[in-house]
2 protein chains.
Amino acid sequence: MGIRKNIKTKTIDQASEPTLKRLPVYILHLQELESKGAQYVSAPAMASVLEFDSTQIVKDLSVTGIKGKPKVGYNVTELRQTIEEYLGFNKKNEAFLVGAGKLGQALLSYHELQGFGIKIIAAFDVDEDKIDTQYGNTPILHIEKLGALAERLEVNIGILTTPNSVAQSTAEAMVKSGIKAIWNLTPIKLKLPNNIIVQDTSMYANVAVLLKKHHSSEKGESN
Amino acid sequence: MGIRKNIKTKTIDQASEPTLKRLPVYILHLQELESKGAQYVSAPAMASVLEFDSTQIVKDLSVTGIKGKPKVGYNVTELRQTIEEYLGFNKKNEAFLVGAGKLGQALLSYHELQGFGIKIIAAFDVDEDKIDTQYGNTPILHIEKLGALAERLEVNIGILTTPNSVAQSTAEAMVKSGIKAIWNLTPIKLKLPNNIIVQDTSMYANVAVLLKKHHSSEKGESN
DNA sequence: TCTAAATAAAGATTTTATTCTTTATTACTT
DNA sequence: AAGTAATAAAGAATAAAATCTTTATTTAGA
């Protein structure tokens, strides 16, 4: 019969940021497998397709608490659902978008985001031409209404796509309105209270890495 | 007189990716300082504004080869120019954008990118309604013309903003056309030859990190 | 001209993430 | 039913990055 360990592994949480960023990649891959009718998938099989290290995949997936079976792998659908649940993609993540410029409009059109947890229910701006119009199905409102609406609708996720010059002040207004988590798509480093979650997605940062690597490789450096 | 060390520090290159991503933040901050007429700035002064560690700033800046003066700091304009030069922002980085959907259009409108090194000179799509029109000042062409044009204009930077389903095949076509560096804004993990530089900017990855941190903090976890 | 304060720069330490190695489990095969 | 091959899971080692510490430089002020 053997000895059964009774020690519960309880370090379920606290996944690293690189791990969190890889999890959506797994979801997309699993969705593709599902569409092909696959029932099970092993970590090495995923590794060869995604070109990750297979033990890293096992580690990444383990943060969700899911268990795979040796010789079989993971149940594809169960795995996808478990990751989605872990990331909170299946929760009602309603968000406000502030700054309805080009980038903001792109995100308003980017309906795939809904499948990945975020639903933008209103946008805010100061441009009178945009205010009280709709973009897609999303109303664009004057930014003054942010506070009252955030409270009434209990929205606490904000997406920041304003011009750089007003990014900091707008973010502060969002916090004052009860926004707890901000997805910052401006390149500005926001200074906000510690309890506010800020996720930066700077186009500039990515351009910088791309160009430097590109120019370095042109000069024949060893990558 | 003292002993003057004659050993040249030659590890000028090979900045880490986190460092490369911070460099544009410094540029933005320096631009602001310049607009206020500041002549010099010290690493600790920048640190207090940007909320970075000051020694990290010194380390980051040192990859460009610039030297600061004790008690004075760095010359603001010289520092900005040196970083821009290091990242290749002042070079002629002409790029093609492939996939003129919403996200692609947002980038076409995002003229600030020019100040950060990237100039999109043409966009490509398969949608007949878009082909041979212009978006802003940028022509949208049929994707079949990519190869010939890339060769003629010697463009080797590509921006990928297609639907996920065609991301891989489009990327392969770009590589065949002579594109050497791809800024991948799809969430797909591209499988391309090793000599091709790929920089991923996945919205999903960032949403994943944001939501997980948000939900974890709601549950009262220690950040 | 000398002293002291400020700061850059280099080195060491700590932390974090990835990769490698070992162990144990499970299903398939004979 | 037993052995074997495949694989997950846990742990160890390695690599990388951030932070901390020390040293040396230099300019401003006495």
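In this text, all values refer to a predicted model and were calculated from it rather than measured experimentally. We name chains A, B, ... by the order of the sequence lines, and we start the count at 1 in each one.
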TODO: Indicate the ring-plane relationship of A:Tyr204 and B:Tyr110, choosing parallel, tilted or perpendicular according to the 30° and 60° boundaries.
DONE: parallel
Open item on the list: In this structure, how many angstroms lie between the P atom of D:dT7 and the CG atom of A:Asn75, rounded?
Closed with: 16 Å
Open item on the list: Return whichever of A:Thr19 or A:Lys71 has its heavy-atom-nearest nucleotide of DNA chain C closer to the 5' end.
Closed with: A:Thr19
- [ ] Rounded to the nearest angstrom, tell me the gap between atom CG in B:Asp60 and atom P in D:dA17.
- [x] 12 Å
Task: Phosphate contact (C:dT7 OP1 or OP2) by B:Tyr40 side-chain N/O below 4.0 Å - done: no
Open item on the list: Can you give me the closest heavy-atom contact between A:Leu20 and A:Ala15, atom names plus distance?
Closed with: CD2-CB, 4.1 Å
Open item on the list: From the set D:dA9, C:dA12, C:dT25, return the single nucleotide nearest to any side-chain atom of B:Lys59.
Closed with: C:dA12
Open item on the list: Between A:Arg22 and C:dT18, is there a contact of a side-chain N or O with OP1 or OP2 at under 4.0 Å?
Closed with: yes
Open item on the list: Let's see if you can work this out: which of C:dA8, D:dA9, D:dT27 has an atom nearest to the side-chain heavy atoms of B:Val72?
Closed with: D:dT27
Task: Selected nucleotide, minimal atom distance to A:Thr55 side chain, candidates C:dA10, C:dT7, C:dT21 - done: C:dT21
- [ ] Give the rounded distance in Å between these two atoms: CD1 of B:Ile57 and P of D:dC20.
- [x] 14 Å
- [ ] Can you tell me the distance, in whole Å, between the CD atom of A:Glu17 and the P atom of C:dT16?
- [x] 13 Å
Open item on the list: Could you tell me how far apart B:Leu61 (CG) and C:dA10 (P) are, to the nearest whole angstrom?
Closed with: 13 Å
Task: Nearest-angstrom distance from the residue atom NZ of A:Lys69 to C1' of C:dA24 - done: 16 Å
- [ ] For A:Lys21 and C:dA17, give me the distance from atom NZ to atom C1', rounded to whole Å.
- [x] 14 Å
- [ ] Could you check which of D:dA6, D:dA17, C:dT18 has an atom nearest any side-chain atom of A:Pro18?
- [x] C:dT18
Open item on the list: Has B:Asn184 got a side-chain atom pairing as donor or acceptor with B:Val198's backbone, closer than 3.5 angstrom?
Closed with: no
Open item on the list: From C-beta outward on A:Gln56, which listed nucleotide comes closest to its side chain: D:dA9, C:dT19, C:dA8?
Closed with: C:dT19
- [ ] Could you please name the option among D:dT26, D:dA17, C:dA9 that lies closest to any side-chain atom of B:Lys67?
- [x] C:dA9
TODO: Check the distance between C:dT18's P and A:Asp53's CG and give it to me in whole angstrom.
DONE: 10 Å
TODO: Please work out if A:Ser42 contacts a base, only the sugar-phosphate, or nothing of the nucleic acid, heavy-atom cut-off 4.0 Å.
DONE: sugar-phosphate
Task: Short N-O contact, A:Lys176 and A:Glu172, less than 4.0 angstrom - done: no
Open item on the list: Heavy-atom count check: over 12 atoms from other residues, nucleotides or ligands less than 6.0 Å from B:Glu51 CD?
Closed with: yes
